[in-house]
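Comments concern the structure below.
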Amino acid sequence: MAIQKPTIPKGTRDFSPHEMIRRNYIFRTIEEVFKKSGYQPLETPAMENLSILLGKYGEEGDRLLFRIINSGDFLSGIDPDELTKMSARDLSKRISGKGLRYDLTVPFARFVVQHRNEITLPFKRYQIQPVWRADRPQKGRYREFYQCDVDVIGSTSLLNEAELVQIMDEVFNKLNVPVEIRLNNRKVLAGISEMMGVPEKMKDITIAMDKLEKVGPERVTEEIREKGIPPEAVAKLKPILTFVGTNGEKISFLNDMLASSAIGMEGMKDLKKLLNYLEKSDLSVNYTLDLTLARGLDYYTGTIFEVVATEWQIGSICGGGRYDDLAGIFGMPGVSGVGVSFGADRIYDVMLNTGKFPEAIESSAPVLFLNFGEEEAGYILPLLKQIRQLGIAAELYPDPVKIKKQMNYANQNQVPVVVFIGKDELNEKMAGIKIMATGEQEKVSFDQLMEKLVALTG
RNA sequence: GUGGAUGUAGCUCAGUUGGUUAGAGCACUGGAUUGUGGUUCCAGGAGUCGUGGGUUCGAGUCCCAUCUUCCACCCCA
């Protein structure tokens with residue numbers, strides 16, 4: 001058999017030890033913040049039944065779902081004549097019943113409904129797992145990527161929204177990534193389309209509005225007109241597109257604009273309340289009311305969030321919102337949830353490109369014992385056990401190869417402290433300690449060795 | 001899903017209008033230094049030129065297909 005070069009599927013990646021150390025730093029930081037606010041861990045399967053996933057993310061989302069072909073003879077029961085006439089779309093329905101999860105929110109809603117008798121509402125959970133989308137890969141866009149979700153389900157209080165903003169604030173503070181949090185409310189967007197007299201066109205309008213920052217007001221109104229919305233309706237939207245002001249000014253402006261829309265006023269009430277909570281939350285991050293923020297996922301109904309890094313353009317690095325009906329779709333109506341998702345891979349890209357990873361997280365073990373031979377190694381084994389019991393990561397080079405090579409290993413792995421115990425040291429009952437950064441070397445008695453290593457690595 | 005670029009050693013890249021055995025730097029391995037890394041010097045290994053077809057006496061170079069990566073659109077973390 002011909003040897004073929006090994007490859008991995010499009011849009012997937014391997015993570016080297018160097019990358020994993022940095023990725024784990026991100027995951028750890030995020031998880032700590034989640035835990036501190038009382039969220040509990042949850043994991044769900046990589047695959048879900050397609051009936052759970054389909055129709056939750058809009059038409060585009062259905063297209064981007066990875067489908068898993070049925071096991072066994074998946075063509076049995078399909079008439080061969082029929083097969084040739086079938087569209088790829090219809091065929092996929094017949095031969096696949098499972099798909100890879102597209103996000104963590106829908107599986108969470110499914111979990112809540114399925115285990116409703118085992119959990120108490122409100123239920124707060126976090127979930128850090130990969131998701132898959134059959135999108136075309138680009139910068140900051142992968143087919144397999146990690147989401148870090150926090151959600152609370154079974155509470156309509158806007159205190160939950162405020163808590164999520166606090167979490168975003170703390171996470172990005174800890175990671176030292178400057179961001180701007182954008183807020184909006186789907187009810188306000190519904191109010192805007194109602195005010196325009198075309199409530200049924202809300203989706204078209206919001207998708208177009210979402211592009212305002214990118215293409216400008218002219219192109220937005222143009223796109224909306226192309227969707228068959230009458231000019232007098234478009235004219236009503238214009239002042240909203242061009243309005244500039246503080247959060248407070250936007251609120252009072254919209255209050256007047258949406259006075260005739262019941263749902264719009266409801267959204268305004270929510271926004272006002274949330275902004276009021278946020279003022280009292282002692283936040284250090286910038287948060288702005290962004291009337292053009294739409295969010296693509298179909299299931300959002302209330303508050304929506306999006307976070308962008310201010311120092312590196314890569315799209316949103318965190319996003320989410322409130323969903324009133326997701327549990328209802330699975331047969332548990334009247335249970336509202338709200339949550340946000342941190343995009344770990346994009347956060348990694350931002351931190352990498354803006355140099356935010358701390359140096360201190362690099363080294364795997366701070367102490368390396370050099371290997372001078374069988375006898376010396378035997379002597380080092382109990383020392384290794386001792387130092388590890390003191391909570392310091394340490395390793396013994398496995399082969400008695402040239403010291404130059406062992407030193408090079410220490411250098412490459414950024415080991416800060418190297419311990420020499422060879423024939424000479426055994427005779428003197430002294431250990432050599434070398435500080436790699438400075439090149440300094442000293443000898444200490446075996447009695448003092450542990451104490452010295454603790455001092456050097458503490 | 002639409003449009004456009006890209007691919008030569010582990011990495012970053014040279015390679016003339018198609019013409020002998022495809023090069024460099026870094027990295028790696030060995031030596032100068034039989035117990036001391038990050039500097040220097042010397043030597044060495046390493047490439048089915050993304051893959052598969054085609055044109056040609058002859059293809060890394062031209063043509064077609066396909067895959068990868070990247071960019072824009074769509075959409076999104």
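Labels below follow one simple rule: chain letters A, B, ... track the order of the sequence lines, proteins then strands, and each chain is numbered from 1. Below, each value reflects all heavy atoms present in this structure, side chains not excepted, and no hydrogens, waters or symmetry copies.
- Within 4.0 Å (heavy atoms only), A/E425 reaches at least one base atom of the nucleic acid.
- With both ends at atom P, the span from B/rG37 to B/rG23 equals 34 Å, rounded to whole Å.
- For A/R63 and A/A344, each mapped to the nucleotide of RNA chain B holding its nearest heavy atom, the one lying further toward the 5' end belongs to A/R63.
- Ring geometry for A/F34 versus A/Y126: interplanar angle of 30 to 60°, hence tilted.
- The aromatic ring of A/F420 does not sit over the base of B/rG35, since the test of centres under 5.5 Å and planes under 30° is not met.
- A search for side-chain hydrogen bond (donor to acceptor under 3.5 Å, both in side chains) contacts involving A/N70 returns nothing, not counting sequence neighbours.
- Listed by residue number, A/S316, A/I317, A/C318 are the residues of residues 316-330 of chain A with a heavy-atom contact under 4.0 Å to RNA chain B.
- One finds a salt bridge joining A/D345 and A/R13 here, because a Lys/Arg side-chain nitrogen approaches an Asp/Glu carboxylate oxygen to under 4.0 Å.
- For the ring pair (Phe, Tyr, Trp, His ring centres under 6.0 Å) test, no residue two or more places apart in sequence or in another chain qualifies with A/F74.
- Taking the salt bridge (charged side-chain N to carboxylate O under 4.0 Å, His left out) definition, one finds that A/R136 meets it with nothing, sequence neighbours left out.
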With a 3.5 Å cut-off and sequence neighbours excluded, list the donor-acceptor pairs that the side chains of residues 446-458 of chain A form with protein atoms.
| residue | atom | partner | partner atom | Å |
| --- | --- | --- | --- | --- |
| A/Q448 | OE1 | A/S445 | OG | 3.3 |
| A/K452 | NZ | A/E442 | OE2 | 3.1 |
| A/T457 | OG1 | A/L453 | O | 2.8 |

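- Every residue was checked against the salt bridge (charged side-chain N to carboxylate O under 4.0 Å, His left out) condition with A/R143, not counting sequence neighbours, and none meets it.
- Regarding contacts with the backbone of B/rC73, every side-chain N or O of A/K211 stays at 4.0 angstrom or more from both OP1 and OP2.
- For residues 424-436 of chain A, the pairs satisfying side-chain hydrogen bond (donor to acceptor under 3.5 Å, both in side chains) are A/E428-A/K443, with sequence neighbours left out.
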Would you tabulate the nitrogen or oxygen pairs shorter than 3.5 Å linking the protein to nucleotides 68-71 of chain B?
| residue | atom | partner | partner atom | Å |
| --- | --- | --- | --- | --- |
| B/rU68 | OP2 | A/K10 | NZ | 3.1 |
| B/rU69 | OP1 | A/G11 | N | 2.9 |
| B/rC71 | OP2 | A/K139 | N | 2.2 |

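- The side-chain hydrogen bond (donor to acceptor under 3.5 Å, both in side chains) test applied to A/N160 returns A/S155, not counting sequence neighbours.
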Notebook entry, point to check: What would the secondary structure line of RNA chain B be in dot-bracket form, counting Watson-Crick and G-U wobble pairs under 3.5 Å, with [ ] for pairs that cross earlier ones and | for pairs with another strand?
Noted result: (((((.(..((((.....[...)))).(((((.......))))).....(((((..]....)))))).)))))....
Would you tabulate the side-chain donor-acceptor contacts of residues 216-227 of chain A under 3.5 Å, counting partners in other chains and residues two or more places apart, or write 'none'?
| residue | atom | partner | partner atom | Å |
| --- | --- | --- | --- | --- |
| A/T221 | OG1 | A/P217 | O | 3.1 |
| A/T221 | OG1 | A/E218 | O | 2.8 |
| A/E223 | OE1 | A/K211 | NZ | 3.2 |
| A/E223 | OE2 | A/K211 | NZ | 3.1 |

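- Between A/Y323 and A/Y300, the angle of the ring planes lies from 30° to 60°, which puts this pair in the tilted group.
- Judged by distance alone with a 3.5 Å cut-off, no donor-acceptor contact links the side chain of A/Q414 to the base of B/rG37.
- On a pure distance criterion of 3.5 Å, a polar donor-acceptor pair joins the side chain of A/Q441 and the base of B/rU36.
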So which protein N/O to nucleotides 28-32 of chain B N/O distances come out below 3.5 Å?
| residue | atom | partner | partner atom | Å |
| --- | --- | --- | --- | --- |
| B/rG31 | OP2 | A/K402 | NZ | 2.2 |

